[in-house]
Amino acid sequence: MAGDQGLNNVVTTVREARQPSLTRRLSGVLHRHRRLRLALLLVAPMVVLVVVYLGALAVLLVSAFWTTDDFTGQVVREGTLDNFRQLVTSDVYRAVTFRTVGVAAAVTVICAVLAFPMALYMSKVASPRRRKLLVVAVLTPLWASYLVKAFAWRAMLSGDGVVNWALAPIGLEGPGFGLTATIIVLTYLWLPFMVLPVYAGLERLPDSLLEASSDLGAGAGRTVRSVVLPLAFPAVVAGAIFTFSLSLGDYIAVQIVGGKSQLLGNLIQGNAGAANNLPLAAALAAVPVLIMVVLLLGVRRTGALENL
Amino acid sequence: MRLSARARAGLAAVMVLGLAFVYVPLVVVLISSFNTDRTFGWPPSGLTFEWWSRAWDNPGARTALATSVKAGLGATAIALVLGTMASFAVARYRFFGRDAVSILIVLPIALPGIVTGIALSNAISTTLSPLGVSFGLFTVIVGHATFCVVVVYNNVLARLRRTGGSLEEASMDLGADVFATFRHVTFPAVRSALVAGGLLAFALSFDEIIVTTFTAGASVQTLPLWIFTNLARPNQAPVVNVVAALLVVLSVVPVWLAQRISSDPAGGRI
């Protein structure tokens with residue numbers, strides 16, 4: 001009997017050795033089934049993003065076609081185009097939309113004009129040691145709080161603030177609070193979002209191309225115009241997507257330094273909050289979404305999306 | 001690049017101006033936090049530490065700071081898991097709808113925050129409230145996670161594209177199973193990208209105000225919400241200024257961390 005017991009033990013050991021452990025088998029299944037691996041990787045992120053995010057966006061879009069009862073303030077779930085009709089026909093909404101797009105465009109252009117020479121200096125002129133320091137210097141404010149930066153400019157632009165104090169000796173006065181201040185603050189807030197992609201784009205640009213251009217007789221200006229700018233364009237567009245989109249939906253900066261000016265974000269916020277007219281807020285929110293979608297589709301071919 | 005001395009000087013001048021534009025307001029906040037004058041007239045009339053000690057004892061600011069840290073950690077944890085999974089799927093597989101997946105991940109950061117904010121707020125009040133989920137820390141974390149996923153995703157994706165799959169194939173050929181390969185080969189390769197992405201995700205969440213406004217409800221106040229509410233109260237101005245100055249100083253920490261951990265001077269991609 002004792003011998004049988006020993007034999008049994010041997011048999012079990014051999015069987016265990018032949019039968020791989022659970023993790024090993026699971027690994028084998030995963031290894032053989034590529035599709036299963038892919039599905040396991042995708043299911044959680046997609047469930048969250050599609051259900052939570054796209055779902056919420058879809059409901060919002062649908063509610064743009066609803067309306068509210070004037071008397072009770074309750075949302076009435078009947079399809080109507082009233083909100084959109086109001087958007088298109090009302091002078092106020094049209095003016096605010098144009099003003100918002102104008103502010104976003106101005107911020108984007110100023111950011112690009114400031115960021116391009118900065119990025120060019122960082123990537124092609126500065127020594128490698130200094131380059132690293134400059135990247136850190138540009139990046140650090142990105143971590144400083146949005147509100148702190150807007151708040152800083154409130155202190156800068158206020159009546160007895162730094163700007164007026166610095167401009168007083170030359171007989172000038174700062175812009176005070178208003179649309180100009182809003183553009184300054186938004187430019188300030190989003191500048192790193194433009195510098196970094198442009199810098200990354202320029203850094204990828206091989207120096208040999210620039211040398212070839214100057215060997216062929218082009219001056220620095222011509223090289224920048226004909227070689228650097230076309231190749232860096234997707235990176236600039238990538239930065240522009242950030243600055244434009246971020247400016248388009250902003251309503252905090254304009255509340256802090258904008259004086260009485262209103263942008264689309266303020267109208268959306270006002271209707272979603274105080275006015276309790278979510279359908280109208282949803283219709284208003286469709287405006288920046290539509291602008292961004294058109295913009296993203298438009299720049300798809302420039303390759304900017306790979307630079308995001 | 002061969003540039004004339006004048007062109008170099010011009011570029012350097014723009015660089016200096018740009019950096020001055022970026023740093024002067026932050027330095028002004030720092031100095032103002034020691035200003036004896038309550039209204040922060042410039043130049044400061046005198047220096048004092050009173051506001052710093054008062055801010056330290058402010059219970060509202062402390063609670064808000066703790067809430068912000070909790071929300072940031074929660075959103076970062078979700079973003080790390082989901083962003084990594086999505087980036088592996090997109091980097092290592094070809095499948096129908098891959099472009100749609102990558103657009104869907106970028107969408108929450110490409111669309112204005114207020115759109116995300118009212119969409120989530122509407123969804124919570126119409127569909128989740130009947131199910132017993134109400135506005136609070138949980139909804140803030142989920143709201144933040146939607147746009148934090150993209151920064152982790154971008155960082156890990158860039159790393160995966162750079163490293164390629166050949167090391168993993170070699171590991172499998174040498175007999176390591178899927179899990180051992182992940183633990184010993186893939187994970188060490190993406191670790192610093194995860195740190196960079198996680199830091200950015202935390203910073204985005206810590207700083208977020210618009211989405212927070214719409215998902216927090218009345219009971220939860222993050223630090224940005226606290227600052228924004230107290231901005232309008234003149235007698236709170238010195239304390240708000242100290243909190244702002246503190247946040248300016250603290251913003252150096254993640255940059256320093258990213259420098260130590262990753263070789264990428266930019267400390268990751270946006």
Side-chain angles (χ1 to χ4, degrees), chain A residues 23-24 27 30-31 38 41-42 44-45 48-49 52-53 55-57 59-60 63 114 117-118 120-121 124-125 132 135-137 139-141 143-148 151-153 155-156 160-162 165 193 196 210 214 220 245 248-249 251-252 265 268-269 272 278 281 285 288-289 292 308, chain B residues 1-4 7-8 11-12 14-15 18-19 22 25-26 28-29 32 40-43 82 85-86 88-89 93 95 104-106 108 110-115 118-120 122-123 126 142 146 149 177-179 203 207 209-210 224 227-228 231 244 247-248 251-252 254-255 265-267 270:
Chain A
T23 52
R24 194 79 191 177
S27 164
L30 283 176
H31 185 69
L38 178 62
L41 282 175
L42 273 178
V48 170
L49 283 173
V52 176
Y53 190 73
L57 271 187
V59 173
L60 184 71
S63 67
L114 258 174
M118 285 171 80
L120 191 62
Y121 180 83
K124 298 296 173 200
V125 180
K132 208 174 161 184
V135 172
V136 174
L139 192 88
T140 307
W143 301 92
S145 159
Y146 168 103
L147 273 178
V148 168
F151 172 80
W153 276 97
M156 294 277 289
D160 50 1
V162 178
W165 171 77
F193 287 86
L196 287 174
L210 308 179
S214 65
S245 159
L248 212 52
Y251 70 91
I252 305 274
I268 300 174
Q269 189 234 0
L278 189 79
V289 173
M292 279 320 293
L308 279 178
Chain B
M1 197 158 114
R2 267 176 253 167
L3 284 171
S4 65
R8 280 169 174 273
L11 284 178
V14 177
M15 188 79 226
L19 285 179
V22 168
L26 298 180
V28 167
V29 168
S32 293
F40 306 115
W42 194 266
L82 298 185
M85 289 168 87
F88 270 91
Y93 301 86
F95 55 94
L104 178 60
I105 292 167
V106 178
L111 291 183
I114 189 160
V115 176
I118 62 169
L120 288 176
N122 183 30
T126 54
V142 172
T146 57
V149 169
D177 63 21
V178 171
F179 304 109
D207 192 24
I209 175 154
I210 297 180
I227 296 178
F228 195 54
L231 215 52
L247 289 180
V248 171
S251 64
V252 179
V255 180
I270 303 164

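Chain A is the first sequence line, chain B the second, and so forth, proteins listed ahead of strands; every chain is numbered from 1.
Taking the side chain to side chain donor-acceptor pair (under 3.5 Å) definition, one finds that A:T23 meets it with A:S21, sequence neighbours left out.
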In sequence, state the C-alpha distance, the side-chain angles, and the governing distance for B:F228 and A:I252, and then conclude on side chain to side chain contact (heavy atoms under 4.5 Å, CB included). CA-CA 9 Å; B:F228 195 54; A:I252 305 274; 3.8 Å; yes

Under the side chain to side chain contact (heavy atoms under 4.5 Å, CB included) criterion, do B:F95 and A:L38 qualify, and how do the steps go? CA-CA 9 Å; B:F95 55 94; A:L38 178 62; 3.6 Å; yes

Output, in order, the C-alpha distance, side-chain angles, deciding distance and verdict of side chain to side chain contact (heavy atoms under 4.5 Å, CB included) for B:V115 and A:L57. CA-CA 8 Å; B:V115 176; A:L57 271 187; 3.7 Å; yes

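Under the 4.5 Å side-chain criterion, counting only non-hydrogen atoms from C-beta, B:D207 is not in contact with A:V148. Side chains of A:L42 and B:Y93 form no contact here, defined as non-hydrogen atoms less than 4.5 Å apart. Considering only heavy atoms from C-beta on, A:S145 stays 4.5 Å or farther from B:I209 through its side chain.
Taking both residues in full, the closest heavy atoms of A:M292 and B:P112 are given as CG-CD, 4.3 Å, listed atom of the first, atom of the second, then distance. Residue A:V125 comes nearest to B:R8 through the heavy atom pair CG1-NH1, 3.4 Å, listed as atom of the first residue, atom of the second, then distance. Smallest separation of non-hydrogen atoms from B:M15 and A:M118: SD-O, 3.5 Å.
Note on B:V142, B:I114, B:V29: by heavy-atom pairs under 4.5 Å with chain A, the leading option is B:I114. Between chain B and the residues A:L147, A:L30, A:L41, A:L60, the largest count of heavy-atom pairs under 4.5 Å involves A:L41. Of the listed residues B:I210, B:L26, B:I105, the one with more heavy-atom pairs under 4.5 angstrom with chain A than any other is B:I210. Of the listed residues (A:P117, A:G249, A:P45), the one with the most heavy-atom contacts under 4.5 Å to chain B is A:P45. Comparing B:L19, B:N122, B:L247 by heavy-atom pairs within less than 4.5 Å of chain A, the highest count is held by B:N122. Most heavy-atom pairs under 4.5 Å with chain A: of the set B:I227, B:T126, B:T146, B:L104, this distinction falls to B:L104. Looking only at heavy-atom pairs under 4.5 Å with chain B, the residue among A:V52, A:T140, A:V289, A:V59 that has the most is A:T140. If you tally non-hydrogen atom pairs under 4.5 Å between each of B:I118, B:V28, B:V248 and chain A, the highest count goes to B:I118. Looking only at heavy-atom pairs under 4.5 Å with chain A, the residue among B:G18, B:P254, B:P224 that has the most is B:P254.
Heavy atoms of B:A7 lying under 4.5 Å from chain A are absent altogether. With a 4.5 angstrom heavy-atom cutoff, A:V48 touches chain B only via side-chain atoms. In this structure, the portions of A:A137 lying under 4.5 Å from any heavy atom of chain B include both its backbone and its side chain.
Judged by distance alone, the side chain of B:S251 and the main-chain N or O of A:P141 form no donor-acceptor pair under 3.5 Å.
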